[in-house]
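Index from 1, following the sequence.
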Amino acid sequence: MEQIDPTLAETALSLWEEAKLFLKGLFLPWRFYQVAILGGIFAAAHVARSLTAPRVNDWLRSREGWPLWRMRVAVLLRQRIRVIVFVVASWAVYLAMQQMTWPSRSYLIGIAATLATAWLLVGLATKLIRNPLLRGAVLWGAWIYVTLYVLGLTSEIAALLESAAFTLGDFRLSLLTLLKAVVVTVLLLTGARLVTHGVAARVEANRDFSPSMQVLTIKVLQVVLYAAAVLIGLKAVGFDLTSLAVLSGAIGVGLGFGLQKVVSNLVSGMILLLDKSIKPGDVVSLGETFGWINQMGARYVSVLTRDGREYLIPNEDLITNQVVNWSHSNEFVRLDIHFSTSYDDDPHAVRRIAIDAAQTVERVLNHRAPVCHITEFGDSGVHYVLRFWIGDATSGLTNVRGAVYLALWDALKDNGISIPFPQREVRLLPGSTVTLAGSGGGANHAGSVAE
């Protein structure tokens, strides 16, 4: 059964009494004067910001040659002119009063100056965090902790959070333990993320690794570091990891029934990375989808097509279905186009003209020379196949085929070679009967052919 620690009410009552004493002390003469001085300093800082902000903006606009990092720092400081002025003025008044009167008469001003300085530094430091959600959580968490530390309330708040706990058998979980676990885990995850990004940049810059091995190395590193961060975070706050056995068993049952596809895609992704059958940049076709591998994820592969569409294909489909990898072992792709010419044209000349026409297209490779072969003597003409190689399939196949067809058309026309089309010759023999379909009333007209 859940049990609330009985010291929770006592700790909360103690904090409430201290808060009442602090508020009551603010009405003492010298403390009231200090509050009034702080209010005046804040008003002066607000006026200083209103007067200087436009001039600072104009000055920053004139710094066009500054590096980006220096401009960002200047903008951050401009946004905090009021706080900066308040901090400087508060410390100046505090140090002056320390020399002119009793130290106790500047106590509140010193606390306000310390808090404002800490808040300013925390606000500037958290700007290094790119994730907005994480940056906001760290900012408010650091502000609360700094405030409690400056006011000397950390031990009391810790006792209050430790008192707010529940027990279930031998297991006891307090808000303080939960908070520590969250903070330590977040810090470790942030560290793991920074390490992963650093290692990923080095791995991607290393040309000794193939693209698939780069992705595999980064994915394995992410899984290991993130899992280690979570486990170390839980262990650091005294959480018994043996209690996760029941949870792992439940997860295993869930995997067996409801997450088969998810696990299949994860395992298939690892297989694709290990066997190097596809890698980022490969040109592939799967069914009606033709494009190049843009990104390989843990669950799917992103295929970007020529028309700008991005297909997210599950890893399992790439394992179980037939996939054409146009650039698996090399980047060279051979294309075929078919055409026909009349029986009156010299086939030797046609072959030479077709090869020369293909070589005029920029994307056709010259070191792998095009070839042209006769494939069939058809009803209307001689059929040919023109084969040529390209080395940039990611730039498209239909467009290069169209360019070769156009060059071939111009070359055949320039050399007086005709392209036949299906046609039939009808001969009427003497004594045969011809039936013509009439246009009016559906009547048919029959007649004999005279000799």
K.L.:
Under 4.5 Å between any side-chain heavy atoms of Thr52 and Arg78, yes or no?
P.N.:
no
K.L.:
Mind checking whether Ile278 and Met296 have side chains closer than 4.5 Å, heavy atoms only?
P.N.:
yes
K.L.:
Ignoring hydrogens and geometry beyond distance, is a side-chain donor-acceptor pair present between Thr196 and Gln222 at under 3.5 Å?
P.N.:
no
K.L.:
Would you say that Val93 contacts Met97 through its side chain, given a criterion of any heavy-atom pair below 4.5 Å between the two side chains?
P.N.:
yes
K.L.:
Are any side-chain N or O atoms of Thr360 and backbone N or O atoms of Ala357, one a donor and one an acceptor, separated by less than 3.5 Å?
P.N.:
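Yes; judged by distance alone, with no hydrogens or angles, the pair exists.
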K.L.:
To the closest 0.5 Å, what do you measure between CD1 (Ile81) and CG (Leu77)?
P.N.:
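Answer rounded to 0.5 Å: 8.5 Å.
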K.L.:
Hey, are the side chains of Val364 and Val404 touching, using non-hydrogen atoms and a 4.5 Å cut-off?
P.N.:
yes
K.L.:
Find the distance between CZ (Arg49) and CD1 (Ile84) and round it off to the nearest 0.5 Å.
P.N.:
11.5 Å
K.L.:
Quick one: does Val301's side chain get under 4.5 Å of Asn294's, heavy atoms only?
P.N.:
no
K.L.:
What distance do Arg334 atom CZ and Arg368 atom CZ have between them, rounded to the nearest 0.5 Å?
P.N.:
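CZ of Arg368 is found 11.0 Å from CZ of Arg334.
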K.L.:
My understanding is that only one of Ile313, Val303, Leu304 makes a side-chain contact (heavy atoms from CB on, under 4.5 Å) with Ile293; could you say which?
P.N.:
Val303
K.L.:
Taking the inter-plane angle between the rings of Tyr145 and Tyr149 on a 0 to 90° scale, is it parallel (under 30°), tilted (30 to 60°) or perpendicular (over 60°)?
P.N.:
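Plane angle under 30°, so parallel.
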K.L.:
Carefully, step by step, assess Ser268 and Glu316 under the rule side-chain hydrogen bond (donor to acceptor under 3.5 Å, both in side chains).
P.N.:
CA-CA 6 Å; Ser268 299; Glu316 183 183 9; over 6 Å; no
K.L.:
Between the main-chain N or O of Cys372 and the side-chain N or O of Arg351, is there a donor-acceptor pair closer than 3.5 Å?
P.N.:
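Present.
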K.L.:
Of all heavy-atom pairs between Ile109 and Ser90, which one has the smallest distance, and what is that distance?
P.N.:
CG2-O, 3.7 Å
K.L.:
Where do Ile319 and Asn315 land on the side chain to side chain contact (heavy atoms under 4.5 Å, CB included) test, with the steps shown first?
P.N.:
CA-CA 7 Å; Ile319 294 291; Asn315 293 327; 5.7 Å; no
K.L.:
Can you confirm whether Trp140 is buried at CH2, in the sense that more than 12 heavy atoms of other residues, nucleotides or ligands lie under 6.0 Å from that atom?
P.N.:
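Incorrect, the count does not exceed 12.
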K.L.:
Does the side chain to side chain contact (heavy atoms under 4.5 Å, CB included) test come out yes or no for Leu188 and Tyr226, once each step is laid out?
P.N.:
CA-CA 8 Å; Leu188 291 174; Tyr226 288 157; over 6 Å; no
K.L.:
If you count heavy atoms of other groups shown closer than 6.0 angstrom to CZ of Arg72, is the number above 12?
P.N.:
no
K.L.:
Determine yes or no for a side-chain-to-main-chain donor-acceptor pair under 3.5 angstrom, with Arg80 supplying the side chain and Leu76 the backbone.
P.N.:
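Yes.
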K.L.:
For Phe290 and Val283: C-alpha separation, side-chain torsions, deciding distance, then whether side chain to side chain contact (heavy atoms under 4.5 Å, CB included) applies.
P.N.:
CA-CA 8 Å; Phe290 173 84; Val283 181; 3.5 Å; yes
K.L.:
So does Asp410 pair up with Lys413, basic N to acidic O under 4.0 Å?
P.N.:
no
K.L.:
For the rings on His338 and Tyr405, is their centre-to-centre separation under 6.0 Å?
P.N.:
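No, the ring centres sit 6.0 Å or more apart.
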K.L.:
Taking atom types as modelled, find out whether His383 and Thr375 have a side-chain donor-acceptor pair closer than 3.5 angstrom.
P.N.:
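Distance-only check fails for His383 and Thr375.
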K.L.:
With no hydrogens and no angle check, is any side-chain donor or acceptor of Asn321 less than 3.5 Å from a backbone partner on Leu318?
P.N.:
no
K.L.:
Establish, from distance only, whether the side-chain atoms of Trp292 and Thr305 form a donor-acceptor pair under 3.5 Å.
P.N.:
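Thr305 and Trp292 do not have a side-chain donor-acceptor pair below 3.5 Å.
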K.L.:
If you define the side chain from C-beta out and look only at heavy atoms, does anything of Leu38 sit under 4.5 Å from Phe86?
P.N.:
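Yes; the side chains approach each other to less than 4.5 Å.
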K.L.:
Answer yes or no: does atom OH of Tyr300 have more than 12 heavy-atom neighbours from other residues, nucleotides or ligands under 6.0 Å?
P.N.:
no
K.L.:
Would you indicate whether the side-chain heavy atoms of Phe339 and Leu386 approach each other to under 4.5 Å?
P.N.:
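Yes, at least one pair of side-chain atoms sits under 4.5 Å.
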K.L.:
Might you work through the side chain to side chain contact (heavy atoms under 4.5 Å, CB included) test for Leu139 and Val122, ending with a clear yes or no?
P.N.:
CA-CA 7 Å; Leu139 177 65; Val122 168; 3.9 Å; yes
K.L.:
Is the shortest heavy-atom distance from the side chain of Leu335 to the side chain of Phe388 under 4.5 Å?
P.N.:
yes
K.L.:
Once you round to the nearest 0.5 Å, how far does OH of Tyr384 lie from OG of Ser340?
P.N.:
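These two atoms lie 9.0 Å from each other.
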K.L.:
Does any N or O in the side chain of Ser285 come within less than 3.5 Å of the main-chain N or O of Thr289, such that one atom is a donor and the other an acceptor?
P.N.:
no
K.L.:
Donor-acceptor pair, distance only, cut-off 3.5 Å: does the side chain of Arg363 make one with the backbone of Asp392?
P.N.:
yes
K.L.:
With no hydrogens and no angle check, is any side-chain donor or acceptor of Trp143 less than 3.5 Å from a backbone partner on Trp119?
P.N.:
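Yes; judged by distance alone, with no hydrogens or angles, the pair exists.
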K.L.:
Distance check, rounded to the nearest 0.5 Å: Ile390 atom CD1 versus Leu397 atom CG?
P.N.:
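Answer for the CD1-CG pair, Ile390 versus Leu397, is 5.0 Å.
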K.L.:
Phe42 vs His46 aromatic rings, parallel, tilted or perpendicular, using cut-offs 30° and 60°?
P.N.:
parallel
K.L.:
Go through the side-chain N and O atoms of Asn366 and Gln359 and say whether any donor and acceptor fall under 3.5 Å apart.
P.N.:
no
